Amino acid sequence: MLTMNEVMELLANRGQGHVVDAAMRRPPSDRLRYCDTVLGIDLEGLLDSLDAAILAQPKPSPRSMATPDCVDLENDHLDPSFVEAREVGEAMLARGEVACILVAGGQGTRLGWSGPKGTFPIGPVSDRSLFQLFAESILALQRRFGQSIPWGIMTGGQNHVATAQFFTTNDYFGLSPNTVRLFQQGAVPTFDSGGKIILDHAGEIMGAPDGHGGVFRAMEKADIFAWFGESGAKHVFYFQVDNPLCVVADPVFLGIHAERRAEMSTKVVSKRSATERVGVVAVVDGTLRVIEYLEIPSSVSQLRESDGKLTFRAANTGIHAFSIEFMEYVARSHRLPYHVTKKQLPGSMEINGATVDGWKAEQFVFDALPMARHPSVVHVSRKREFSPVKSSNGQDSPEEAREALCEHYRSMLRSSGVRLSEKAREQPIEISPVVAVDEIDLRRLNLQTLDIDGPIILTHDSFKFSTSEKHPTTSAPFSNPARLTSES
Ligand code: UTP
């Protein structure tokens with residue numbers, strides 16, 4: 001890592017002398033704080049990426065691209081051929097070797113929700129929030145495997161306090177507070193259209209969130225690696241706050257990751273169409289990586305196999321597994337590239353009352369893939385595992401995600417042998433993860449028929465657990481649904 005003097009020298013040599021002057025005008029005791037957004041980052045890499053973005057980067061040539069090898073789990077998540085992988089993953093969970101990281105630092109601009117995205121009400125019947133859904137999934141796994149699962153949540157400067165308050169007022173949704181840690185992501189400087197670091201009226205460096213790829217550095221800064229290490233965790237299940245269908249700490253995925261000795265594994269789903277604005281996992285010049293949709297030549301996006309499927313269809317889901325050693329390596333290597341794009345900088349970055357067009361730099365978590373030894377790619381069912389809440393309406397909207405959740409719960413009931421009457425099939429439906437995270441839990445409840453003409457919800461208070469553990473508390477508003485009672 002560069003020293004303060006080296007950073008000043010680099011800034012001066014790269015046309016950013018105005019920042020050096022501004023720093024030198026500060027009292028010496030304030031200089032370290034002043035330089036926070038330029039210290040401890042790969043500043044040279046950032047300035048190089050900025051220069052490259054200004055020049056416009058070339059797209060990879062179609063001939064350099066190939067499809068990745070994928071483990072195919074698309075058709076049946078409970079496929080018997082993955083029994084062994086499931087057993088391996090379950091053993092990892094039972095030995096307490098798995099920790100979770102959720103990234104929730106984004107600004108959620110497209111959704112237009114005023115609070116942190118994780119507080120968004122997504123439960124089709126209960127309106128339980130995304131955070132509650134994930135917290136209950138982790139709670140259920142802790143009970144099933146008799147081990148605590150440390151859970152790190154990355155927040156952003158704008159939503160950290162509100163996120164912390166949400167967990168406190170909701171009693172951590174039944175989780176023990178010492179198994180949950182919130183930590184903040186970092187910021188990087190913003191640049192004006194001429195490539196100069198923007199200073200605000202007070203002469204401070206105008207920072208912007210460093211992207212979900214900031215998670216490695218933020219984990220190191222907040223001692224999350226040390227905490228995971230002390231708890232015995234060796235692997236991290238990484239997920240993003242906007243996908244309510246995510247199978248949290250999926251044992252099959254973790255098992256495949258461990259069996260292949262992968263430093264990083266990633267889940268992909270089939271792209272909806274050639275023009276869907278989503279990054280794809282591909283091999284470029286022999287290296288596995290995610291290519292953003294803007295980088296892919298359209299002639300390549302349109303390519304199809306003989307069975308009509310898109311050739312480059314492995315869409316990135318933002319669900320990964322990592323070995324903790326590898327995450328630490330990425331954090332210390334400072335090799336994650338910056339993606340620099342021209343954007344209208346957010347309202348808080350107005351200068352003289354006018355919004356500014358400038359360059360924003362972000363790091364992406366998936367850029368760790370090319371650094372990983374034995375990376376694995378697991379192709380899963382989109383319908384079952386991926387329905388991100390990105391926009392207030394249309395594609396990737398909350399409405400779509402709620403419908404996907406209902407369909408998932410119906411399918412869980414069907415495959416665990418529960419008969420749904422015609423009336424019941426048309427109802428919104430929800431199963432709290434503390435009642436059942438999957439079909440395996442549901443079968444144990446020995447339900448037989450479901451014949452309810454009203455919203456259906458299976459929550460912790462409609463069942464008696466066989467264990468003596470305390471039921472989780474919740475303050476989610478319930479919409480007076482018909483309660484299902486167990487026939488057991
Ligand atoms: P998105 O790329 O969808 O961004 O984030 P967003 O900020 O949530 O939404 P828009 O683009 O402003 O509409 C994907 C995941 O990465 C996290 C988000 O919280 C989400 O879980 N993220 C994104 C961060 O944690 N930090 C960031 O700087 C950006």
Side-chain angles (χ1 to χ4, degrees), residues 37 41 46 100-120 122 129-131 133-135 151-160 162-164 166 181-190 206-219 221-222 224 236-246 248 266-267 269 276-279 290 292-294 315-320 327 336-349 360-368 386-398 400-401:
T37 42
I41 64 169
L46 171 60
C100 287
I101 283 288
L102 173 70
V103 290
Q107 294 172 315
T109 337
R110 287 167 286 172
L111 184 61
W113 176 246
S114 58
K117 222 188 213 183
T119 63
F120 189 84
I122 199 65
S129 63
L130 286 155
F131 280 139
L133 190 65
F134 300 137
W151 183 20
I153 302 172
M154 185 171 85
T155 60
Q158 296 185 339
N159 64 21
H160 182 81
T163 305
F166 193 69
R181 263 191 215 178
L182 269 52
F183 60 100
Q184 275 192 59
Q185 71 177 96
V188 282
T190 51
M206 231 181 228
D210 57 1
H212 43 62
V215 70
F216 302 98
R217 188 162 67 105
M219 284 173 75
K221 215 170 161 187
I224 301 294
V236 166
F237 179 85
Y238 165 103
F239 60 120
Q240 307 192 156
V241 77
D242 48 23
N243 178 22
L245 283 190
C246 175
V248 179
T266 187
K267 278 191 180 185
V269 294
E276 187 183 359
R277 294 157 75 90
V278 65
V290 172
E292 286 191 272
Y293 62 89
L294 285 173
N316 173 39
T317 60
I319 302 170
H320 314 292
M327 287 192 104
L336 223 53
Y338 283 97
H339 295 252
V340 183
T341 43
K342 200 160 206 175
K343 282 193 179 161
Q344 192 181 50
L345 300 176
S348 60
M349 295 178 187
K360 207 176 156 193
E362 280 184 299
Q363 291 180 313
F364 296 148
V365 72
F366 52 69
D367 278 329
F386 188 62
S387 188
V389 179
K390 297 276 187 201
S391 312
S392 50
N393 51 46
Q395 198 160 298
D396 294 338
S397 64
E400 233 185 47

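Counting starts at 1 for both ligands and their atoms, in listed order. Bear in mind the structure is a predicted one, so any value in this text is a computation, not a measurement. Along the sequence shown, the residues carry numbers beginning at 1. As a basis for the values below, the full set of heavy atoms in this structure was taken, side chains included, without hydrogen atoms, waters or symmetry mates.
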Can you list the atoms of ligand 1 that are under 4.0 Å from a heavy atom of [X]?
X	value
G211	26 (N), 27 (C), 28 (O)
P209	28 (O)
R110	1 (P), 3 (O), 9 (O), 10 (P), 11 (O), 13 (O)
K390	1 (P), 3 (O), 14 (C)

Does any N or O in the side chain of [X] come within less than 3.5 Å of the main-chain N or O of [Y], such that one atom is a donor and the other an acceptor?
X	Y	value
K221	F183	no
D210	A218	no
T190	A208	no
Q363	L336	yes
T317	K267	yes

Based purely on interatomic distance, does [X] place a nitrogen or oxygen under 3.5 Å from a nitrogen or oxygen of ligand 1?
X	answer
M154	no
Q240	no
D210	no
V241	yes

Distance in Å, [X] [atom1] paired with [Y] [atom2], rounded so as to fall on 0.5 Å steps:
X	Y	atom1	atom2	answer
I122	S387	CD1	OG	8.0 Å
D396	F386	CG	CZ	6.5 Å
N393	E400	CG	CD	10.5 Å
Q107	N159	CD	CG	9.0 Å

*Any G318 heavy atom less than 4.0 Å from ligand 1*: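 G318: no contact with ligand 1 (<4.0 Å).
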*Heavy atom of A104, distance to ligand 1 below 4.0 Å*: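 Contact check A104 vs ligand 1: positive.
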Please report which non-hydrogen protein atom sits nearest to [atom], along with the residue it belongs to and the distance in Å to one decimal place.
atom	value
atom 12 (O) of ligand 1	T109 OG1, 2.5 Å
atom 8 (O) of ligand 1	K117 NZ, 3.3 Å
atom 7 (O) of ligand 1	Q107 N, 2.8 Å
atom 26 (N) of ligand 1	Q185 OE1, 2.7 Å
atom 16 (O) of ligand 1	H212 CD2, 3.3 Å
atom 25 (O) of ligand 1	G105 N, 2.8 Å

*asked:* Students often mix this up, so state it plainly: with edges at 30° and 60°, are the rings of H212 and F364 parallel, tilted or perpendicular?
replied: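 Ring orientation of H212 relative to F364: tilted.
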*For the residue pair W113 and F120, does the interplanar ring angle fall in the parallel (under 30°), tilted (30 to 60°) or perpendicular (over 60°) class?*
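W113 vs F120 ring planes: perpendicular.
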*Counting heavy atoms only, name the option from V103, V365, V389, L102 that's nearest to atom 17 (C) of ligand 1.*
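Of the listed residues, V103 has the closest heavy atom.
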*Pick from G186, G106, G157, G108: the one approaching atom 22 (N) of ligand 1 most closely through a non-hydrogen atom*: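 Of the listed residues, G106 has the closest heavy atom.
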